[in-house]
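Notes follow the structure.
Atoms within each ligand, like the ligands themselves, are counted from 1 in listed order. Keep in mind that what you see is a predicted model, and the values were worked out from it rather than measured.
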Amino acid sequence: MTTIDRAKLHALHQREESRFLADHPKSAALYQRAQSSLLGGVPMNWMKKWAGAFPLFVKSAKGAHFTDVDGRDYIDLCLGDTGAMTGHSPDVVAEAVASRAKEGITLMLPTEDAIWVGEDLQRRFGLPYWQFTLTATDANRFAIRIAREITQRSKILVFNYCYHGTVDESFATLENGVVGPRRGNIGPPVNPAETTRVVEFNDLNAFEDALKHHDVACILAEPAMTNVGIILPDDGYWHAARELVRRYGSLLIADETHTICAGPGGCTAAWKLDPDMLVFGKAIGSGIPGATYGVTEEVAQRIAARLHLEDVDVGGIGGTLAGNALSLAAVRATLEHILTPAAFAHTIPLANRFADAVAEQIRASGLPWNVARLGARAEYTFAPHAPRNGGQSAATADFDLERFLHLYTLNRGVLLTPFHNMALMCPATTESDIDLHTQIFAEATAELTS
Ligand SMILES: Cc1ncc(COP(=O)(O)O)c(C=O)c1O
């Protein structure tokens, strides 16, 4: 097995840092200017974590490409971490949004688009009733509240190293079997051990042990983990887990925000899952803020039994702009024209092309890495075999190596998803886009291992 020489990695990284600085004078100047008005010089603090001395400032984006303020063109395999999985600014969505924007943006009243979208979501995912929010985080938070209310239980269950947005209860990890705040958790309202049970994915015994306390309102889960590398469920895992959820009177929330990459109905449709609630955000409106949660008939009836009209506006499930006319117009156009079976027939083979080529290069260079895939998404990790759970995957993280590879590809015109090594395909991605990444990846691994 080939090992990475750390001194060489460091030297190569320095070289790439210099190239990045030389190539991006306008982004550098904007970043400098931003220091005096934006906290940390960025709109969101995590933007500082991009590989390179500063984030690129974007001029425009269309389809699978974007251009930065220095006039450089990039193939975007990050696609706004799934927010732009539709491709940037699809014409049909841009037109629907422009036309809606002229006819009323937000009213606190429904538009007919909401019904069209609810009917489409019904067909895609099989759950009958839908509500709208502006972010997947909010949809998850509201689904959790509902689960707590209708089960009258206090705790939620998540998988170790999950990510479901900025949901307080989910920022918990297992350290030597003990639940505590995830590293980096900023100002947790309480120790998440009070609110949350955490188990490893693919461990049915631990799953059942966590449910045996009869205090778990819901399990918030991605059908396949996507935020700590792609981790697929073992054969039969979800069937058995679903039975346990029922047996112990809990509820299953499937967060399909990323796993929608598996197909038009996400993993729920592709694998015939049977969640009690389902969450889907980000790509649902091609990046125009919008998200949704759906519930089964039974959950709907249990909600109706506990909610009183007089209190519905102050119950902690809200959002003045949620379900607004503009958001729903974007969602309708996206579902009707973009996230279609035809789109997935194009993007899934492209993700396979990416994964096959990267796997072949890993094999040829003798590096102890592997590639995982889920529909239109593929990702390589620095582990010899596909990790089966979040703890295993997190243990193989290599911050320096990851940053080097991201910077190397960025300097040659390809943007990977930051903070892991993920590539996502959109309807506008082409085979030659993928082949350029393959060529760059091969050059990077050759330099690392020569
Ligand atoms: C699986 C999953 N669910 C929910 C979210 C939250 O999405 P948002 O940040 O748009 O609220 C994310 C964000 O990365 C996610 O990966």
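- Side-chain N/O atoms of H88 and D76 include a donor and acceptor closer than 3.5 Å.
- Each of the following atoms of ligand 1 lies closer than 4.0 Å to a heavy atom of E222: 1 (C).
- At a 4.0 Å heavy-atom cut-off, ligand 1 touches T137 through backbone and side chain alike.
- Using modelled atom types, one finds a donor on one side chain and an acceptor on the other under 3.5 Å when comparing D255 with T257.
- Here the heavy atom of the protein found nearest to atom 7 (O) of ligand 1 is A136 CB, 3.4 Å.
- Each of the atoms 4 (C), 5 (C), 6 (C), 12 (C) of ligand 1 lies under 4.0 Å from some heavy atom of G165.
- Given atom 10 (O) of ligand 1, the protein heavy atom at minimum distance is K282 CG, 3.9 Å.
- Side-chain contact of D68 with S27: a donor-acceptor pair under 3.5 Å is absent, judged by distance alone.
- Across N227, I284, N140, heavy-atom proximity to atom 15 (C) of ligand 1 is greatest for N227.
- For Y248, the ring pair (Phe, Tyr, Trp, His ring centres under 6.0 Å) test picks out H214, with sequence neighbours left out.
- For atom 2 (C) of ligand 1, the nearest protein heavy atom (residue, atom name, distance) is D255 OD2, 3.4 Å.
- Listed by first and then second residue, the side-chain hydrogen bond (donor to acceptor under 3.5 Å, both in side chains) pairs that reach into residues 46-57 come to none, sequence neighbours excluded.
- Side chain of H437 to backbone of A423: no donor-acceptor contact under 3.5 angstrom is found.
- One option in H258, R141, H164, M225 has a heavy atom closer to atom 4 (C) of ligand 1 than any other, and that option is H164.
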